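Just so it is clear, the values below take in all heavy atoms, side chains as well, and ignore hydrogens, waters and symmetry mates. Order of the sequence lines fixes the chain letters, A, B, ..., with proteins taken first and strands second; residue numbering starts at 1 for each chain. What you are looking at is a predicted structure, and each value in this text was computed from that prediction instead of being measured.
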Number of protein chains: 2
Amino acid sequence: MSARAASRAAVPPPEAKASRRQILDCAARLFREQGYAAVSLRDIAAASGMKAGSLYHHFVSKEEIVAEMLNIGVQTVFGEVRRAIEAAGDVPAAHLIETAVRAHLRSIFEFGDYTGASIRIFGHVPARVRDATIGERDAYERYWVALLARGARLGDLRGDIDLTLLRLFLFGAMNWALEWYKPGRLDLDGIARQLGEIILHGAAPVRAPPANRRVRRTGQTAKP
Amino acid sequence: MSARAASRAAVPPPEAKASRRQILDCAARLFREQGYAAVSLRDIAAASGMKAGSLYHHFVSKEEIVAEMLNIGVQTVFGEVRRAIEAAGDVPAAHLIETAVRAHLRSIFEFGDYTGASIRIFGHVPARVRDATIGERDAYERYWVALLARGARLGDLRGDIDLTLLRLFLFGAMNWALEWYKPGRLDLDGIARQLGEIILHGAAPVRAPPANRRVRRTGQTAKP
DNA sequence: GCTGATACCAAACAAACGTTAGGCCGGGCG
DNA sequence: CGCCCGGCCTAACGTTTGTTTGGTATCAGC
């Protein structure tokens, strides 16, 4: 009984069932391709080789399916980015950012459909599901904030850049790739390199030290 | 008679009906808030002060409603960006890009819901609707391509930057704001300025010519 | 005063939705 | 063996979907 009580205290089964995972796999693929509301439980069931009613032996509702899928997606990309950052060791923040960008992009496009689906449909999912999964997302976002803040502290990032905005711009540039990237057309490493290069050093030619024509920015006062 | 015949030769009514426009207004707001599939015709009708069946006196299907709304959205942002660019006159490409970014962001958040809805739901709409509206989108994207290409030709953009990627990154950073921006928290001009600054000059400190740290500005710089 | 067009409504349609109920089948365990 | 239970099925539930049909009120023009 103590063993039984202990096992009941943990997550329902000691190890997740295979069908359960396969349902989630199919759901992730369909959600990613077609969006949340466009995919019915019958679609998910058919893709999993089952009938709609049978899904309820593994999940209590469609919302539970999508919520679990969202969480797996975020945890996957989070884990990949953290792993890549820790493997990079003690390098300048500039290099870390490109490493994180590459890991994030790879997670989106090369690690199953969870991550891509998670990003694409998060904003289109019932509010209850969003609330249930926002904790995981926050954790991942805080990780990026910390990453950028470390870069700023070490002097690898400009002090006049709003780190929150920088992170949002980065996420936007990366996640928007879900709307246009088709595997095989461009390689992810090249995309990551270009994004890192643009974000860090800009698309404009390096500023000539004394040139006057470009110093004049709209709101930003000139230097002393 | 001749006038009537002439007016009948043009688009159905000489000037668009008010109800038709109001239906589109409501549809745009709902689509933007909730996504495409989550909004029913009954929702749109109720928001327009009508019943579902009455919508069919103005549109032949839900797809026609959403297609027309998508087109208006793209045309709106396109028009605003072009207007802003033409008003800017003959200035360096760096300034043009920030101008275009600001105009695009303002269109998304301050010109009704068409633009925001258009961007948010385009990827979640039936393929037939996407095909029917992709022409307008292509035209707008080509405009940006031309804008960036002009900057590259004039030497205002680095030659080793892929302009297609640059445009996609910019679109991503801007359009992703639909997922996080809430009016009133930050001002759009500030966001546009930061994005322009990062995209053009990078988030890393300027590569040290000789001096290393005095380049750093602190916050948003003191007022002049 | 009648005609026709316009703009809407009430009611219904078939289809699809998420979900539930009850039954069949097979393998592990007493 | 007999029993039971997980895993899936069929079939239906009530609701909601996009769409259609037929009718009504209003108003202009002959």
J.: Using a strict threshold of under 4.0 Å (side-chain N to carboxylate O), is an ion pair present between B:R128 and B:E63?
T.: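 Counted as a salt bridge, because a side-chain N and a carboxylate O are separated by less than 4.0 Å.
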J.: Would you tell me if any nitrogen or oxygen in the side chain of A:K51 comes within less than 4.0 Å of OP1 or OP2 on D:dT10?
T.: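 Checking D:dT10 against A:K51, a side-chain N or O does come within under 4.0 Å of OP1 or OP2.
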J.: Determine the minimum heavy-atom distance between A:S48 and A:I23, stating which atoms define it.
T.: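 A:S48 and A:I23 have their closest heavy atoms at OG-CA, 3.7 Å.
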J.: For B:R130 and B:V125, indicate whether the former's side chain and the latter's backbone hold a donor-acceptor pair under 3.5 Å.
T.: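 Yes, because the side chain of B:R130 sits within donor-acceptor range (under 3.5 Å) of the backbone of B:V125.
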J.: Sub-3.5 Å donor-acceptor pair from the side chain of B:Y181 to the main-chain atoms of B:L186, do we have one?
T.: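 Yes; judged by distance alone, with no hydrogens or angles, the pair exists.
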J.: So, B:E197 and B:R193, do they make that salt bridge, N to O below 4.0 Å?
T.: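 B:R193 and B:E197: not salt-bridged.
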J.: Taking CG from A:L55 and C1' from D:dT10, how many angstroms apart are they, rounded to a whole number?
T.: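 Answer to the nearest Å: 15 Å.
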J.: Would you mind writing out the side-chain donor-acceptor pairs for residues 139-149 of chain A within the sub-3.5 Å range, not counting sequence neighbours?
T.:
from   : atom 1 : to     : atom 2 : distance (Å)
A:Y140 : OH     : A:H104 : ND1    : 2.6
A:Y140 : OH     : A:W144 : NE1    : 2.9

J.: With the sugar-phosphate defined as primed atoms, P, OP1 and OP2, and the base as all remaining atoms, what B/S/- string results for nucleotides 11-28 of chain D, 5' to 3', for protein heavy atoms under 4.0 Å?
T.: -B----BBBB--------
J.: Is a salt bridge present between A:R21 and A:D25, judged by a nitrogen-to-oxygen distance below 4.0 Å?
T.: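 Yes, this pair counts.
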J.: Using a strict heavy-atom distance below 4.0 Å, which residues from residues 124-133 of chain B are in contact with DNA chain D?
T.: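 The stretch gives none, as no residue of it lies under 4.0 Å from the strand.
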J.: Evaluate the side-chain contact (heavy atoms from CB on, under 4.5 Å) criterion for residues B:F31 and B:R120: first the C-alpha distance (whole Å), next the side-chain angles of each, then the deciding distance (0.1 Å), finally the verdict.
T.: CA-CA 8 Å; B:F31 282 143; B:R120 271 203 91 199; over 6 Å; no
J.: Specify the separation, in whole Å, of atom CD of A:E64 and atom C1' of C:dT19.
T.: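 Taking atom C1' of C:dT19 as the reference, CD of A:E64 is at 14 Å.
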J.: Please give, in whole Å, the distance from C:dT6 P to B:H58 NE2?
T.: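 Interatomic distance, NE2 of B:H58 to P of C:dT6: 12 Å.
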J.: Just the rounded figure in Å: distance from P of C:dC17 to CD of A:Q34.
T.: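 Atom-to-atom, A:Q34 to C:dC17, this comes out as 11 Å.
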